[in-house]
Amino acid sequence: MKLQMCAWPEVDAYLKESTGIIIPVGSTEQHGPTGFIGTDALCPELLAFEIGERLGVMVAPTISIGMAQHHLGFSGSITLRPTTLIAVVCDIINSLTRHGFDRFFFLNGHGGNIASLNAAFSEIYAESSLGTAGANRPAVRCHVENWWNGEAIKGISEKYFAEAEGSHATASEVALTYYGYPEDAARIRQDRLSPRIAPEGPIYDADDYRRRFPDGRIGSDPTLATAEIGAELFEASVTGIGKKYHQFLVGE
Ligand code: NI
């Protein structure tokens, strides 16, 4: 169930059955010459919408802009400051708790968001602990699940990509988006990049990033990505993350 496609009485009816919600969160940042700028938002959104359909879970609109300051050396990348992202996440949680949601499962597509998501959760818990949350707010629990972290996903990545998976513009995330958006994939895909596997290294600011990683990739060869592999990743992710959502909902 997509929140933005519901009428409010439908949300009321849902809340009588469940107080959990999945919130896809990603980024709008370069993903090398053969990856969509929206990759990190598109991946969790594709998965969340499917999980929502199969399991009858409410899915919030995607937070599609994240903390991506290091990508600003490439055209089209957009960042929120960490403090802005923390504020956005807190406002979304506090809006939805007002209606009775109290289990927030953030399905994340971007490593650069993790610190800010966890800081936002700490802000929310601090409001409860300090007594500033208001008496009506339910006891809230938040969880961040990085879609690429499942065991089955790692197995598929290892099988097809091995050392060419990399850590940014990864072969897996590009494959998942090629599965989701085949017509656009046909437009941007290339058979070969040079060097075949991109360099590795640390991440600092945007100018430094562009010097270290000239075409935007880190450690990957995303030309290995295909829609067929993306379909495998999709199925494995939907199954694995669906289970994790259920565990989160019923957990202590
Ligand atoms: Ni990415």
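Just the heavy atoms: all of them, side chains too, but no hydrogens, waters or symmetry mates, feed the values below. Numbers here simply count residues along the sequence, with the first being 1. Counting starts at 1 for both ligands and their atoms, following the listed order.
The Ni ion (ligand 1) has no N, O or S atom of H110 under 2.8 Å away, backbone or side chain. At least one N/O/S atom of E173, from backbone or side chain, sits under 2.8 Å from the Ni ion (ligand 1).
Legend: residues meeting ring-ring contact (aromatic ring centres under 6.0 Å, His included) with F161, ordered by chain and number and at least two apart, are absent. H168 meets the ring-ring contact (aromatic ring centres under 6.0 Å, His included) test with H31, H71; sequence neighbours excluded.
Using cut-offs of 30° and 60° for the angle between ring planes, the F105 and Y245 rings count as perpendicular.
Ring centroids of F104 and F121 are separated by 6.0 Å or more, keeping the two rings apart.
Its N, O or S atom nearest to the Ni ion (ligand 1) is what matters here, and for D40 that atom is OD1.
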